[in-house]
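Every value quoted in this text rests on a predicted model; they were computed, and no experiment measured them.
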Amino acid sequence: MADQPLKAHFVAEPVELPDGRKIRVSAYPDGSIRFRVDGLPYVLTEAYLSGNPETHKAILKLSPGKQGSNAAYNYVEELEKKQS
């Protein structure tokens, strides 16, 4: 039988960005963290997962659209179209 997915033991209130996208963070009993972001596509453009030995912090950066990727469209261009 396949393992059942863990149920989050903490789910933060969504954070709304100035352009209306939302970010949600969940934490799980096994120590994992899940980030859910509206406004696809995104690409991972920066990841320091081992952290800085002095601060013990990990950093993840997601960038929209074609910023360094072959993503389907450039989010910045799409955002400009919506604002026009």
Tyr28 meets the side-chain contact (heavy atoms from CB on, under 4.5 Å) criterion, sequence neighbours left out, with Leu6, Ala8, Ser26, Asp30, Ser32, Arg34
Residue among Asp38, Val15, Leu17 satisfying side chain to side chain contact (heavy atoms under 4.5 Å, CB included) with Lys22
Asp38
Going by side-chain contact (heavy atoms from CB on, under 4.5 Å), name the residues that satisfy it together with Leu62, two or more places apart in sequence or in a different chain.
Val37, Tyr42, Leu44
By side-chain contact (heavy atoms from CB on, under 4.5 Å), which residues pair with Arg36, not counting sequence neighbours?
Arg24
Lys61: side-chain contact (heavy atoms from CB on, under 4.5 Å) partners, not counting sequence neighbours:
Thr45, Glu46, Ser63
Student check: side-chain heavy atoms of Leu60 and Leu49 closer than 4.5 Å
yes
